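Structure record follows, encoded as structure tokens.
Bear in mind that the values here come from a model prediction, so they are computed numbers and not experimental data.
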Amino acid sequence: MAHRWTNTLTHSDITPHRAFLNRRQVMAGLAAGVGLAGIGRAAQAADALEPNSYEDITQYNNFYEFGTGKTDPARNAHTLTTSPWKVTIDGMVDKPGDYSMESIMEAMTIEERIYRFRCVEAWSMVIPWNGFELADLLTMAGVQSDAKYVAFETANRPDEMPGVRFPALDWPYVEGLRLDEAMHPLTIMATGIFGKPIPNQNGAPMRLVVPWKYGFKSIKSIVRITLTDQEPPTSWNKANAREYGFYSNVNPEVSHPRWSQASERAVGGGLFARRQPTLMFNGYEKEVAALYDGMDLKTNF
Amino acid sequence: MDRIKDQINANARRVPTWAVYILCLLPAPYFFYLAVTGSLGPDPVKPLEHKYGELALQLLIAGLCITPLRQHLGINLIKFRRSLGVLAFTYAAFHLLIWAVLDVQSLGRVIEDVIKRPYITIGMAGFALLLPLAITSNNYSVRKLGPTWRKLHKLTYPAVLLGGVHYIWLVKGIQIEPLIYLAVILGLLALRYWPKRRARSPA
């Protein structure tokens, strides 16, 4: 299992976010004059991957099980019971069964991953996740050789999730990956943000993070993982197949039917921020492009 | 019931239309201020854009209420109808401006979106229908156009319908709020074909 070398320094060991920004502002201010300081900061933010604030990340969410507004999850998700929590791993695995969250956390090595996060709605954040590679969890359960896909399912609890009382989507929320996507080292199960346990509104106690795909692929509050040889159904694809494909890789050249995906609004930039160009595979092209060699990304959107 | 009605009518006579303009325009700078200061969340462009669009739709709906209120309940607020229409147009224009300037940020892409994306085409069509109504919202035009003016201003009906459909179409998944708006719009339009109060009571 995992237990590879990991960084022992955490986010709290580096320059505090605000001080970091202030220092940059001062430097940019010296270089470009006070009036241009903001612009210098915005330009640098794009390449330096500065995380969004904890507040932005935890107060601005899409988690329709708790309401369709961006602030609904932060307001409503406190009702979700995340402990005890068990995850059923079944299908084409050697050791199917119910795994308690504690047993999973014991077996996995938690590390920090600072990833870009690109929502299909054309906004983006940078998020310092804590978590483990999904490959490690799947290896623990023992993937059988004929498995080709991984299906995921979110908890569906009308008593604890006010949003599922209304059919905004066909509940429970389901997602899926091809096995090679799931086993890719960039694909993680996140259990924390900024070194703190992941808040309910972000998908506690465990959610998927696939940084080169649109955010809705990164399914939250997972209760079931099924290894299968069939492409699993996915919630947004079921809701609107014309707009949301199985792959949903971030791709600036393939528009959503209702808006362009060529650029994005960086959350936290304020009312007058310039849009940023969206990067192919959300900036992870070098790492993941090979997964899709020879595939037409326009038809397999 | 008649006492309440008379009271409302008497009060309405005392309220000057400029007061309605000022009251209904206040949300514009207020929400802009909230957006600038971060009170609309970390991604303020969308909420501000949506707020202005919603206000435009609400004002259009308020304008649609005037006639049925008079015909069915005898409440006469007709002097406010023009202000509500002009205000609705103003908010639709704000909504469009925020979208084009602060959200899309490129004239080329605005044009592309209007042509290529049906829900934006529909919204834009609704706005285009409001344009001649806003231009002819003055006494001079009413006199000059005569009966044509009344006919022309029936364009409000398709305009508000387009606004309602635009709202349903822009959200992801099935959401209840835009459906309520469209139901209210359809209800108010249907009332136009309902027997009038006076026609029902025997002479």
If only atom types and distance count, is the side chain of B/Arg117 paired as donor or acceptor with the main-chain N or O of A/His256 below 3.5 Å?
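Looks like yes, one N/O pair under 3.5 Å.
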Among [options], single out the residue with the greatest number of heavy-atom pairs under 4.5 Å to chain B.
| options | value |
| --- | --- |
| A/Ser255, A/Gly269, A/Ala168 | A/Ala168 |
| A/Ala239, A/Ser260, A/Ala266 | A/Ser260 |
| A/Trp123, A/Phe272, A/Trp259 | A/Trp259 |

CD of A/Glu231: more than 12 outside heavy atoms within 6.0 angstrom?
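Above 12, so yes.
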If you count every heavy atom of other residues, nucleotides or ligands that lies below 6.0 Å from B/Lys144 atom NZ, does the total exceed 12?
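For B/Lys144, atom NZ is not crowded (no more than 12 foreign heavy atoms under 6.0 Å).
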Heavy-atom pair with the smallest gap, counting every atom of B/Pro44 and A/Gly270
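Scanning both residues, the minimum pair turns out to be CG-C, 3.7 Å.
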Will you find, in the side chains of B/Arg109 and A/Ser263, an N or O donor that is under 3.5 Å from an N or O acceptor?
yes
I need the A/Leu271 CG to B/Ile98 CD1 distance, nearest 0.5 Å.
6.0 Å
Value for CZ (A/Arg274) from CG (B/Leu102), rounded to nearest 0.5 Å, stands at 9.5 Å
Validation row: B/Lys46, A/Glu121 side chains within 4.5 angstrom (heavy atoms):
no
Any ion pair linking B/Asp113 and A/Arg258 (charged N to carboxylate O, less than 4.0 Å)?
no
Residue, of B/Val101, B/Asp103, B/Ile120, B/Val104, that accumulates the most heavy atom pairs under 4.5 Å with chain A:
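Among the listed options, the one with the most contacts to chain A is B/Asp103.
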Applying a heavy-atom distance below 4.5 Å, give me the residues of residues 157-176 of chain B that approach chain A, sorted by number.
B/Trp169, B/Leu170, B/Val171, B/Lys172, B/Gly173, B/Ile174, B/Gln175, B/Ile176
Part of A/Ala273 lying under 4.5 Å from any heavy atom of chain B:
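For A/Ala273, the backbone is the part near chain B, not the side chain.
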Would you mind checking which part of A/Thr71 comes under 4.5 Å of any heavy atom in chain B, side chain (CB onward), backbone (N, CA, C, O), both or neither?
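For A/Thr71, no heavy atom lies under 4.5 Å from chain B.
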